[in-house]
Amino acid sequence: MPSGDPLVGERYEVEVGPVAHGGGHCVARHEGRVLFVRHALPGERVVAEVTEGTTTSRFLRADAVEVLEAAKERIPAPCPFAGPGKCGGCDWQHVTPGGQRKLKAAVLTEQLAKLASLTPEQAGWDGSVEPVGGKLAPGEVPAWRTRMQYAVDPASGKVGLRRHRSHDIEPVDRCLIAAEGVTELGVEGRSWPGVTSVEVIAASGSSDRQVILTPAPGAQLPLVELDKPVSISRIDEQELFHRVHGRTFVRERAAGRTWRVSNGGFWQIHPEAPDTLVDAVLDGLDPQWGENALDLYCGVGLFAGALADRVGEDGAVLGIESSKQAVVDARHNLAEVDNVRIECDRVETLLPRTGITETDLIVLDPPRAGAGRETVRHLAGLAARRIAYVACDPAALARDLAFFREGGYWPVSLRAFDLFPMTHHFECVAILEPVEPVEDDRPAWER
């Protein structure tokens, strides 16, 4: 239990400082103590109500419950479920689209400086977070989320979304960022007795729709009748996947191929994300005929397939992925591509055992925690001409860029994409090249 007297519910009038990494909050101070304030914007004056913390806490968490002086980027939240104490799914419903991208750019700038000692210029970044799918007018919400995980209220059987840093459920009758393919199933308007969660997947590359149910312990699955044809599966108490009705996979379309993604496996949830990221990786790497490439954390094979097309029959691509089902899918997806091999294991375990001592190109798309020092050190020793690093977390990206610098690789370009509008998340693609050692004490960017 935390020590000190609880401060939850206390209200302070504060000046809001810069945006902070993670959680969609900004930094404020009251009597010397840091507050991480959600639903606020830099430069605003707000009344902040404490949501977590005691008199001995190093910092407090709070919500802006009253705005005394508003920032010019502030707009009324279009979603009725957004705001203090409500749904935690979105962070920036109260911000113009351009304002959201500026906040994300500020976070990336800060993380590069703090963890990699890089300015945007030194990282090869123009300082912008690029919109994807066209620019939006203030108050317009893009319906981009092709995968939704709903929690079910055990009392009412209605679906909802978790509140911020809470197991409490905010009932919703429509999520504005849910893709049309999700909304059209009518999940939000039905009751789900005996179910703890309902995951909905609406493939953007086909008409495939999938609902994955997690029953409460000992409960029977309800009869599922939805507004459109849909496959049904369930997750058991050992978190194993079982088919109830229809397919166990959905078909997606990207990079000129159809991709099978099974059992609710990983696929980018913005419909334009796969092609956007493939284009950025290929533009940065510029693969040549006959080159060899590694695709690490390769999932169902998206980058491996794109690389294989570019390096041709004289080249070769090795993909490594730890998820057994993703590897099965990747091998299926690329079965007719002779110059690709997919192996199943953890990257840090398998890569040293492959006997590969050099390669031409590397793509890595690690999980949110990043690749880490040891894996980066190994990659830096493979003498790749170029490395493409796809990152969903700016702090992990910055840490790994610092590790790559230790191994003699420097970012020559960095792009950031707003693939998660209304949230604090975004995606980055960094391209790295080896820096020739020289007898010069100045930093590489000054030489």
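Remark: the Ser204 side chain and the Thr146 side chain contain no N/O donor-acceptor pair separated by less than 3.5 Å.
Side-chain contact between Arg257 and Leu334: present, with at least one pair of heavy atoms (C-beta onward) separated by less than 4.5 Å. Contact check for Tyr12 versus Val47: no side-chain heavy atoms found under the 4.5 Å cut-off. With contacts defined as side-chain heavy-atom distances shorter than 4.5 Å, the pair Phe241/Ile212 qualifies. Glu110 is not listed as a side-chain neighbour of Pro18, based on a closest heavy-atom distance of 4.5 Å or more. Between Cys79 and Val141, the closest side-chain pair of non-hydrogen atoms is not below 4.5 Å. Side-chain atoms of Val159 and Val152, non-hydrogen and from C-beta on, do get closer than 4.5 Å to each other. Side chains of Lys102 and Val19 form no contact here, defined as non-hydrogen atoms less than 4.5 Å apart. Counting heavy atoms from C-beta on, the side chains of Glu343 and Leu318 come closer than 4.5 Å.
A distance-only check finds a donor-acceptor pair linking the side chain of Glu44 to the backbone of Ala71 [under 3.5 Å]. Glu73 places no side-chain N or O within donor-acceptor distance of the main-chain N or O of Val95, the cut-off being under 3.5 Å. Not one N or O on the side chain of Asn292 forms a donor-acceptor pair closer than 3.5 Å with the backbone of Asp360. Remark: the backbone N or O of Arg163 is not paired with any side-chain donor or acceptor of Asp168 at under 3.5 angstrom. Looking at Asn339, its side chain does come within 3.5 Å of a backbone N or O of Ala308 through a donor-acceptor pair. Although no hydrogens or angles enter the test, the distance criterion places a donor-acceptor pair under 3.5 Å between the side chain of Trp259 and the main chain of Ala254. Put simply, the side chain of Ser206 never gets that close to the backbone of Ala203: no donor and acceptor are under 3.5 Å apart. For the pair Gln238 (side chain) and Leu240 (backbone), a donor-acceptor distance under 3.5 Å is absent. Arg368 contributes a side-chain N or O that, together with a main-chain N or O of Cys392, makes up a donor-acceptor pair within less than 3.5 Å. Lys104 contributes a side-chain N or O that, together with a main-chain N or O of Thr423, makes up a donor-acceptor pair within less than 3.5 Å.
Partners of Asp329 under the side chain to side chain donor-acceptor pair (under 3.5 Å) rule, at least two apart in sequence or in another chain, are Arg260, Ser262, Gln325. Contacts of Asp236 classified as side chain to side chain donor-acceptor pair (under 3.5 Å), with partners at least two apart in sequence or in another chain: His242. Under the rule for a side chain to side chain donor-acceptor pair (under 3.5 Å), the partners of Asp393 that lie at least two apart in sequence or sit in another chain are His21. With sequence neighbours excluded, no residue forms a side chain to side chain contact (heavy atoms under 4.5 Å, CB included) with Arg58. A search for side chain to side chain contact (heavy atoms under 4.5 Å, CB included) contacts involving Pro6 returns nothing, not counting sequence neighbours. Looking at residues two or more places apart in sequence or on another chain, you find no ring-ring contact (aromatic ring centres under 6.0 Å, His included) involving Trp192. Partners of Ala143 according to the side chain to side chain contact (heavy atoms under 4.5 Å, CB included) rule, which considers only residues two or more places apart in sequence or in another chain, do not exist here. By the salt bridge (Lys or Arg N to Asp or Glu O under 4.0 Å) test, Asp286 pairs with Arg310, sequence neighbours left out. By the side chain to side chain donor-acceptor pair (under 3.5 Å) test, Glu374 pairs with Arg377, sequence neighbours left out. Remark: Phe59 engages Val34, Phe36, Arg61 in a side chain to side chain contact (heavy atoms under 4.5 Å, CB included) (not counting sequence neighbours).
The aromatic rings of Tyr389 and Phe404 lie perpendicular to each other, with more than 60° between the two planes, well past the 30° mark.
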| query | Run the side-chain contact (heavy atoms from CB on, under 4.5 Å) check on Cys175 and Met148 step by step: do they pass? | reply | CA-CA 9 Å; Cys175 175; Met148 290 289 300; 3.6 Å; yes
| request: Step by step, work out the side-chain contact (heavy atoms from CB on, under 4.5 Å) result for Val244 and Leu213. | output: CA-CA 10 Å; Val244 176; Leu213 305 176; over 6 Å; no
| message | For a side-chain contact (heavy atoms from CB on, under 4.5 Å) check, start with the C-alpha distance between Phe420 and Asp91, then their side-chain angles and the critical distance, and finish with the verdict. | response | CA-CA 10 Å; Phe420 308 90; Asp91 306 296; over 6 Å; no
| said: Show, in sequence, the C-alpha distance, side-chain angles and deciding distance for Arg253 and Thr258, and conclude whether the side-chain hydrogen bond (donor to acceptor under 3.5 Å, both in side chains) test is met. | reply: CA-CA 5 Å; Arg253 186 78 186 167; Thr258 297; 2.8 Å; yes
| Would Leu397 and Leu414 satisfy side-chain contact (heavy atoms from CB on, under 4.5 Å), going step by step from the backbone distance to the final call? | CA-CA 11 Å; Leu397 169 66; Leu414 175 62; 4.0 Å; yes
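Counting all heavy atoms, side chain and backbone alike, Leu277 lies closest to Glu427 at CD2-CG, 3.8 Å. Contact record, Gly372 with Asp400: N-OD1, 3.2 Å, taken as the closest heavy-atom pair. Between Ala330 and Gly301 the shortest heavy-atom distance is CB-N, 3.9 Å. Here the closest non-hydrogen pair linking Arg331 and Ile342 is NH2-O, 2.8 Å. The shortest heavy-atom contact between Ile235 and Thr214 is CB-OG1, 3.8 Å. When all heavy atoms of Arg386 and Ile431 are compared, the pair lying nearest together is CD-CG2, 4.2 Å.
For the atom pair Trp144 CH2 and Met422 CE, the distance stands at 10.0 Å (nearest 0.5 Å). Separating the CD atom in Glu336 from the CG atom in Asp338 is a distance of 9.0 Å, to the nearest 0.5 Å. Rounded to the nearest 0.5 Å, atoms CD (Glu170) and CZ (Phe81) are 7.0 Å apart. Ser233 contributes atom OG, which lies 12.0 Å from atom CZ of Arg247 (distance to the nearest 0.5 angstrom). Separation of atoms CG (Leu379) and CD1 (Ile387) is listed at 6.0 Å; rounding is to 0.5 Å. For the atom pair Thr375 OG1 and Leu364 CG, the distance stands at 9.0 Å (nearest 0.5 Å).
Checked options Leu285, Val278, Asp283; the residue passing with Val281 is Leu285 (criterion: side chain to side chain contact (heavy atoms under 4.5 Å, CB included)).
Listed by first and then second residue, the salt bridge (Lys or Arg N to Asp or Glu O under 4.0 Å) pairs that reach into residues 266-281 come to none, sequence neighbours excluded. Pairs of residues two or more places apart, or lying in two chains, that qualify as side-chain hydrogen bond (donor to acceptor under 3.5 Å, both in side chains) and include a residue from residues 172-184 are Glu184-Arg209.
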